[in-house]
Amino acid sequence: MSTGPLSIAPLSIVPIKHIRARLVAYDWPFITTHKTEIADYWQRRILEKPAMFNGQVLMQCQGHVEADSFIADYFQLDFASMVAWQALGAPETEGMKTRNGFALAALRSRDGAYLMGAMGQHTHNAGKIYFPGGTPDTGDITPDGSVDLSASVMRELEEETGLMPHDVSISDEWHVVLGRERAAFLRDVFIDLVADEARSLIRDRLSRQVQPELCDIVIARSVADIDEVRMPIFMQVFLRHVFSRS
């Protein structure tokens with residue numbers, strides 16, 4: 001089995017063992033040069049989805065693979081600026097490789113299927129199908145200034161699915177799916193139930209949440225289950241990669 005980088009234009013998949021991320025001070029020019037566009041875009045979004053919240057999140061201003069690690073610098077900004085940047089085509093600024101660098105739990109059942117969440121209609125990415133996870137925020141910053149994406153994975157898994165640490169086991173290894181505007185860090189997380197049982201358990205826990213982010217749980221057992229409309233391209237690339245090795 002090959003463990004080296006796999007390129008699937010315009011993305012690449014790289015196996016890594018460590019993520020070394022830190023918070024840095026960075027004055028992102030995009031926020032100043034597109035101030036009006038950011039405000040207009042956010043106003044339109046909250047008119048459509050009033051439940052959306054403009055909290056503080058973290059984005060990469062630099063990131064690269066070095067041996068078996070991904071080394072990244074993150075800076076703090078508001079959610080509105082990040083999503084407006086994406087909506088405007090993710091323009092580069094001053095040669096910086098600004099990316100939305102987020103961590104996801106590639107949740108896998110005992111019988112080898114993957115379980116993903118369908119985003120609820122009140123969320124920014126309504127209807128899209130992802131692994132549990134999301135953009136890191138200030139809660140993922142440690143006292144020494146590191147950005148803990150391992151903690152981000154577990155926090156998002158619990159928030160989105162109701163699964164607790166004792167419900168799952170976690171791999172030591174990651175895959176990063178790299179593109180121009182995103183770095184998706186996927187970590188295998190295993191649940192000792194067959195896929196249908198795991199889906200039922202998560203759906204039961206979602207039913208107890210006041211306003212769950214997910215409206216359903218989707219199972220993928222092979223490439224035939226890849227939804228080319230609702231799954232972002234990085235999800236499709238990852239699933240094709242892992243199922244091709246099965």
Side-chain angles (χ1 to χ4, degrees), residues 1-28 57-77 82 85-86 90 92-108 112 114 116 130-157 165 168-190 232-246:
M1 179 188 303
S2 172
T3 58
L6 171 69
S7 292
I8 305 176
L11 303 179
S12 62
I13 302 178
V14 184
I16 56 173
K17 292 185 178 179
H18 310 285
I19 301 172
R20 308 194 190 283
R22 63 175 183 171
L23 183 70
V24 299
Y26 176 52
D27 186 11
W28 192 27
V57 295
L58 308 179
M59 278 184 67
Q60 288 181 13
C61 55
Q62 293 281 11
H64 65 278
V65 177
E66 185 176 302
D68 62 355
S69 299
F70 194 94
I71 314 297
D73 289 344
Y74 279 80
F75 67 101
Q76 186 173 327
L77 73 162
M82 185 189 75
W85 172 77
Q86 293 174 322
E92 293 185 9
T93 51
E94 296 184 348
M96 302 297 283
K97 293 184 177 178
T98 311
R99 290 192 183 106
N100 181 10
F102 52 91
L104 304 171
L107 184 62
R108 200 163 200 183
Y114 282 97
M116 295 150 285
Y130 295 89
F131 288 123
T135 300
D137 61 31
T138 55
D140 300 313
I141 303 170
T142 66
D144 68 357
S146 299
V147 178
D148 190 345
L149 292 181
S150 295
S152 180
V153 166
M154 295 310 299
R155 172 176 56 80
E156 293 282 354
L157 179 67
V168 298
S169 59
I170 306 165
S171 171
D172 291 331
E173 299 187 351
W174 300 76
H175 283 85
V176 54
V177 184
L178 280 173
R180 186 180 71 82
E181 64 185 80
R182 292 183 181 86
F185 299 96
L186 297 107
R187 191 173 201 177
D188 275 334
V189 175
F190 301 96
I233 186 63
F234 74 85
M235 288 287 300
Q236 298 179 44
V237 167
F238 175 77
L239 290 173
R240 291 186 189 281
H241 173 58
V242 292
F243 286 135
S244 72
R245 300 184 304 163
S246 300

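The first residue of the sequence shown is numbered 1, and numbering continues consecutively from there.
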Engineer: Under the criterion side chain to side chain contact (heavy atoms under 4.5 Å, CB included), I'd like the reasoning laid out for V176 against L186: C-alpha separation, chi angles, the key distance, then a yes or no.
Structural biologist: CA-CA 6 Å; V176 54; L186 297 107; over 6 Å; no
Engineer: Which atom pair, heavy atoms only, marks the closest approach of V189 to A105?
Structural biologist: CG2-CB, 3.8 Å
Engineer: Kindly write out the residues that satisfy ring pair (Phe, Tyr, Trp, His ring centres under 6.0 Å) with F185, not counting sequence neighbours, or none if the list is empty.
Structural biologist: F70
Engineer: Taking atom CE of M82 and atom CZ of R99, what is their separation to the nearest 0.5 Å?
Structural biologist: 15.0 Å
Engineer: What residues form a salt bridge (Lys or Arg N to Asp or Glu O under 4.0 Å) with R22, not counting sequence neighbours?
Structural biologist: D73
Engineer: Looking at every non-hydrogen atom in both residues, tell me the closest pair between T135 and E156 and how far apart they are.
Structural biologist: O-OE2, 4.2 Å
Engineer: Is the shortest heavy-atom distance from the side chain of M154 to the side chain of I170 under 4.5 Å?
Structural biologist: yes
Engineer: Find the distance between OG (S152) and CD1 (I141) and round it off to the nearest 0.5 Å.
Structural biologist: 11.5 Å
Engineer: Search all heavy atoms of L23 against all heavy atoms of V147 and return the closest pair with its distance.
Structural biologist: N-CG2, 3.9 Å
Engineer: CG/N100 to CH2/W85 distance, rounded to the nearest 0.5 angstrom?
Structural biologist: 7.0 Å
Engineer: As an exercise, state the distance from CE of M59 to CZ of R182, rounded to the nearest 0.5 Å.
Structural biologist: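 The CZ atom of R182 is 10.0 Å from CE of M59, to the nearest 0.5 Å.
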Engineer: Please walk me through it: do F234 and F102 pass ring pair (Phe, Tyr, Trp, His ring centres under 6.0 Å)?
Structural biologist: CA-CA 12 Å; F234 74 85; F102 52 91; 5.4 Å; yes
Engineer: Can you tell me which residue pairs pass the side chain to side chain donor-acceptor pair (under 3.5 Å) test with a partner in residues 170-180, sequence neighbours excluded?
Structural biologist: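 For residues 170-180, and leaving out neighbouring residues, there are no side chain to side chain donor-acceptor pair (under 3.5 Å) pairs at all.
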Engineer: Evaluate side chain to side chain contact (heavy atoms under 4.5 Å, CB included) for R187 paired with I19, printing each intermediate quantity in order.
Structural biologist: CA-CA 11 Å; R187 191 173 201 177; I19 301 172; over 6 Å; no
Engineer: Which heavy atom of P136 sits nearest to which heavy atom of R155, and what is that distance?
Structural biologist: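 Closest approach of P136 to R155, heavy atoms only: CA-NH2, 4.5 Å.
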Engineer: To the nearest 0.5 Å, tell me how far I71 CD1 sits from H18 NE2.
Structural biologist: 9.5 Å
Engineer: Ignoring hydrogens, what is the shortest heavy-atom contact between G179 and L11? Give both atom names and the distance.
Structural biologist: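 Closest pair (atom of G179, atom of L11, distance): CA-CD2, 3.4 Å.
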Engineer: Please lay out, stage by stage, how L104 and F238 fare under the test side chain to side chain contact (heavy atoms under 4.5 Å, CB included).
Structural biologist: CA-CA 12 Å; L104 304 171; F238 175 77; over 6 Å; no
Engineer: Which heavy atom of G101 sits nearest to which heavy atom of Y74, and what is that distance?
Structural biologist: O-OH, 2.9 Å
Engineer: Taking it one step at a time, do V65 and L178 satisfy side chain to side chain contact (heavy atoms under 4.5 Å, CB included)?
Structural biologist: CA-CA 10 Å; V65 177; L178 280 173; 4.2 Å; yes
Engineer: To the nearest 0.5 Å, tell me how far D140 CG sits from S146 OG.
Structural biologist: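 Reported value, rounded in 0.5 Å steps: 12.0 Å.
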Engineer: Would you confirm whether Y114, through its side chain, and F131, through its main-chain N or O, come within 3.5 Å as a donor-acceptor pair?
Structural biologist: no
